[in-house]
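Because only heavy atoms are used, hydrogens play no part in the values below, and waters and symmetry mates are left out as well, while side chains stay in. In the text below, chain A, chain B and the rest are named by the order of the sequence lines, each starting its count at 1.
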Protein chains: 2
Amino acid sequence: MAQRKRATIREVAQATGLSPAAVSYALRGMQVSEETMQRVRQAAAELGYEADPIARALASGRTGMIGLLCGSLEDLWQQSLAVGIGRALRDKDRYALILDAAGDPARERTLALQLRDQRVDGLIVQPVDPAARFWADLADSLPVVAIGDALLHGHTAAEVVFDNRRGVTMALEYVRDKGHRHVAVLTPTRPSTPDRPADVHVIAEAERLGLDIDVRTAGQGLADSAEVATGLLTRPDRPTAVFCFSDSIAYGVYKAAGELGLSVPQDVAVMGYDDHPMSELLGLTTVNWDLDGIVRAAVKLVVAASDGKAHHRRIVQAPGLRERLSVQPPARR
Amino acid sequence: MAQRKRATIREVAQATGLSPAAVSYALRGMQVSEETMQRVRQAAAELGYEADPIARALASGRTGMIGLLCGSLEDLWQQSLAVGIGRALRDKDRYALILDAAGDPARERTLALQLRDQRVDGLIVQPVDPAARFWADLADSLPVVAIGDALLHGHTAAEVVFDNRRGVTMALEYVRDKGHRHVAVLTPTRPSTPDRPADVHVIAEAERLGLDIDVRTAGQGLADSAEVATGLLTRPDRPTAVFCFSDSIAYGVYKAAGELGLSVPQDVAVMGYDDHPMSELLGLTTVNWDLDGIVRAAVKLVVAASDGKAHHRRIVQAPGLRERLSVQPPARR
DNA sequence: TCGCTTCACTGATACGTTTCAGTGAAACGC
DNA sequence: GCGTTTCACTGAAACGTATCAGTGAAGCGA
């Protein structure tokens with residue numbers, strides 16, 4: 001009720017006998033005398049004045065917010081990433097505007113443009129469709145840092161790149177070394193683009209390693225992949241191992257296996273990719289990325305770029321292998 | 001580079017020979033002739049005009065955004081909730097500004113006020129400290145819908161209430177019926193308030209059921225609770241069952257148990273609370289809430305309230321029991 | 001003393017919309 | 001045919017800040 005109207009900069013100006021401009025300068029620590037500084041500070045405190053972020057955004061074109069556009073938040077690892085980035089930004093007094101493209105390129109475009117209109121100071125994105133044209137325009141009007149694999153053709157301010165080729169090789173070699181020959185590969189659904197580097201690499205590597213693979217797309221989350229996995233595991237010639245291109249997908253395989261009365265790793269080996277915190281509990285052997293390092297790198301890059309301090313840096317993340325229990329040699333049949 | 005400046009409403013006005021005001025009205029479908037409507041639509045399309053959300057927010061005081069202030073995003077179930085709410089809002093052409101209080105009441109206050117300054121049209125909150133004073137002021141200046149247990153003393157526009165008393169009773173009765181007498185209770189860390197209904201109820205119920213309980217606070221996430229659980233499980237008189245006040249905490253117990261070579265449920269029974277998707281995979285017996293229903297209810301209430309359509313509604317969620325494998329009768333020792 | 005620079009501050013305008021108070025014309029009731 | 005509504009629209013004033021182009025005074029070197 002009481003609803004006291006907020007104090008404006010004009011009132012602070014009046015209280016101190018200065019002009020609004022001087023108050024504005026003082027509050028942002030620019031070129032004012034020590035005495036004025038003090039007076040303004042005090043008056044602002046007394047009036048409970050705080051600059052209106054919307055008016056500030058309109059006038060200055062900056063908001064202090066960083067947009068975070070996730071490829072698909074159905075993926076648990078991406079959830080962790082989003083939470084981590086939100087937290088890291090907060091520690092730098094920036095705030096994240098988190099949006100979810102839900103795997104849809106059209107939505108990705110809409111949201112990205114919307115974020116720009118919201119005057120975010122920078123954008124962190126895990127592109128669904130890295131080949132889309134609008135990224136170039138977007139990167140011209142604000143700092144963009146891309147996280148992931150196939151990136152934005154050098155239009156970005158910066159990139160945190162996963163060495164997925166290496167990751168895939170590690171995973172497949174591990175599975176091969178455990179004795180598997182017939183392995184299914186479950187990848188997240190992505191827009192059909194002529195070149196999907198990771199998938200292409202999977203096929204090439206499988207060939208090199210003499211693996212008989214079967215690549216399928218399996219949605220983004222646990223539920224979708226469970227369905228696909230059910231189809232896969234009920235076939236007469238079911239694979240002895242499944243390599244999932246995200247831990248979330250692997251969880252779906254666990255679910256499907258459980259429902260079919262199959263056990264991991266005795267009846268089917270499962271190899272993951274990401275290393276979500278839950279994977280430890282499930283004993284999922286998986287490719288590991290340094291989530292914390294990725295978060296820090298992305299935040300550092302976007303903050304620097306939004307301050308005009310840096311240009312097009314590229315940080316490459318190396319994968320590790322978390323060996324747990326879910327991949328064992330195949331049983332004789 | 002090219003950076004063509006955005007079209008403004010003035011340019012559309014000029015192109016149509018109307019006043020900016022008329023264009024503004026037309027674009028929002030208010031009181032204009034059919035012909036004008038058409039002309040404006042066409043001109044806007046040709047110029048690629050879209051209203052600037054910031055300017056709009058400054059002038060109208062509305063943004064179309066809904067703030068979502070989570071108690072602690074370290075909790076996986078709250079992550080799911082946030083993702084779900086974000087998605088549901090998007091379906092109503094609203095967008096969520098998701099912030100994480102990280103269990104800190106001071107931060108919660110700061111962020112809530114910040115959200116108001118951002119002119120969100122409404123606020124969905126899982127309060128860390130429901131007793132805090134500022135909620136009253138806040139609810140006076142914008143629609144607030146609270147999700148959870150101990151709520152905001154009627155200051156809110158609406159509430160989605162969990163019947164935690166019932167949930168706790170169900171959980172404890174189930175554990176008792178399985179034959180457990182000595183059970184530990186792990187609750188999330190909350191600010192110390194004189195009355196914590198749920199905890200108080202836990203103690204009362206335990207007494208009624210003749211349970212010997214040991215209540216401990218265990219952080220919010222998997223990592224913290226694992227540490228607490230390790231302490232608990234290495235005691236000579238370790239409890240035969242652990243009731244965790246969130247599935248995330250239960251996961252921590254699994255982790256601790258795994259590291260100690262203890263197995264669930266043979267060596268220790270674990271009862272969860274929330275029913276996160278992963279709990280199915282782990283076979284965690286848990287109290288189940290209708291996440292989807294909660295999401296829909298919260299979004300519906302906040303959207304209605306932000307449109308000035310509803311006042312103080314209260315929706316009560318009933319718990320269910322998901323019986324899985326993690327609670328079995330205690331082994332003789 | 002003079003000119004030049006630096007400093008601290010002011011006045012005005014810009015940012016791009018919404019919205020309030022009209023305004024003239026047409027429609028309407030009687 | 002006259003007063004009253006309604007309609008479609010206009011002009012101008014918000015909204016609350018940042019910032020640009022000055023401005024007067026002080027400081028400085030020669």
Side-chain angles (χ1 to χ4, degrees), chain A residues 3-41 43-44 47-65 114 116-121 141-142 308, chain B residues 3-41 43-44 47-65 114 116-121 141-142 308:
Chain A
Q3 281 284 37
R4 213 183 54 236
K5 256 195 77 202
R6 302 176 56 109
T8 73
I9 200 172
R10 247 182 292 271
E11 300 176 48
V12 178
Q14 199 137 18
T16 53
L18 293 166
S19 70
V23 176
S24 173
Y25 287 133
L27 256 19
R28 284 172 301 143
M30 298 167 65
Q31 207 164 298
V32 282
S33 70
E34 192 54 37
E35 195 213 326
T36 304
M37 188 87 237
Q38 295 297 338
R39 281 226 315 271
V40 171
R41 285 252 172 77
L47 294 171
Y49 170 77
E50 283 190 63
D52 182 326
I54 300 281
R56 181 171 273 186
L58 183 62
S60 71
R62 317 191 83 238
T63 54
M65 301 197 117
Q114 220 155 84
R116 181 200 50 188
D117 292 350
Q118 285 288 343
R119 310 279 202 294
V120 294
D121 293 354
S141 53
L142 85 168
Chain B
Q3 281 286 38
R4 209 183 57 234
K5 257 193 78 200
R6 305 175 55 110
T8 72
I9 201 172
R10 248 182 292 270
E11 301 176 46
V12 179
Q14 199 139 15
T16 52
L18 292 166
S19 71
V23 176
S24 173
Y25 287 133
L27 257 18
R28 284 172 302 143
M30 299 168 63
Q31 206 164 297
V32 282
S33 71
E34 194 54 40
E35 195 213 327
T36 304
M37 187 88 237
Q38 297 296 337
R39 283 226 315 271
V40 170
R41 284 252 173 79
L47 294 171
Y49 170 77
E50 285 189 62
D52 182 329
I54 299 282
R56 179 170 275 187
L58 184 62
S60 71
R62 316 191 83 235
T63 54
M65 300 195 117
Q114 222 155 82
R116 181 199 50 187
D117 292 351
Q118 286 288 341
R119 310 279 203 289
V120 294
D121 293 353
S141 52
L142 85 168

Considering all heavy atoms of both residues, which atom of B/R119 and which atom of A/I54 are nearest to each other, and what is their separation? CG-CG1, 3.6 Å
Protein-nucleotide distance (A/E34, atom CD; C/dC7, atom P), rounded to Å: 15 Å
Is there a side-chain polar atom (N or O) of B/R6 under 4.0 Å from OP1 or OP2 of C/dG16? no
Integer-rounded Å distance: D/dC9 C1' and B/L27 CG: 15 Å
N/O donor-acceptor pair under 3.5 Å between B/T36 side chain and B/V32 backbone: no
Which atom pair, heavy atoms only, marks the closest approach of A/Y49 to A/T8? CE1-C, 3.4 Å
Between C/dT18 and B/R62, is there an OP1 or OP2 to side-chain N/O distance shorter than 4.0 Å? no
Below 4.0 Å: OP1/OP2 of D/dA18 and any side-chain N or O of A/S24: yes
Ranking B/L18 and B/A59 by the position along DNA chain D of their nearest nucleotide, the one closer to 5' is B/L18
Hey, which sits more toward the 5' end of DNA chain D by its nearest nucleotide, A/A21 or B/M37? B/M37
Please state how far atom CG in B/D52 lies from atom P in D/dT17, giving the value in whole angstrom units. 18 Å
So, does the side chain of B/Y25 form a donor-acceptor pair with the base of D/dC7 at under 3.5 Å? no
Are OP1 or OP2 of D/dC9 and a side-chain N or O of B/S33 less than 4.0 angstrom apart? yes
At less than 4.0 Å, is any side-chain N or O atom of B/R28 found next to OP1 or OP2 of C/dT18? Yes or no. yes
Using a cut-off of less than 4.0 Å, is there contact between a side-chain N or O of B/S19 and OP1 or OP2 of D/dG11? no
D/dC15 OP1/OP2 closer than 4.0 Å to side-chain N/O of B/R56: no
In Å and rounded to the nearest 0.5 Å, what is the CZ to CD distance from B/R6 to B/E11? 11.0 Å
Length of the CD-C1' vector between A/Q14 and C/dT10, whole Å: 15 Å
Rounded to whole Å, how long is the line connecting atom CG of B/L58 with atom P of C/dT18? 11 Å
Scanning both residues in full, the closest heavy-atom pair of B/P53 with A/D117 reads CG-O, 3.5 Å
Round to a whole Å and report the spacing from CZ of B/R10 to C1' of C/dC15. 9 Å
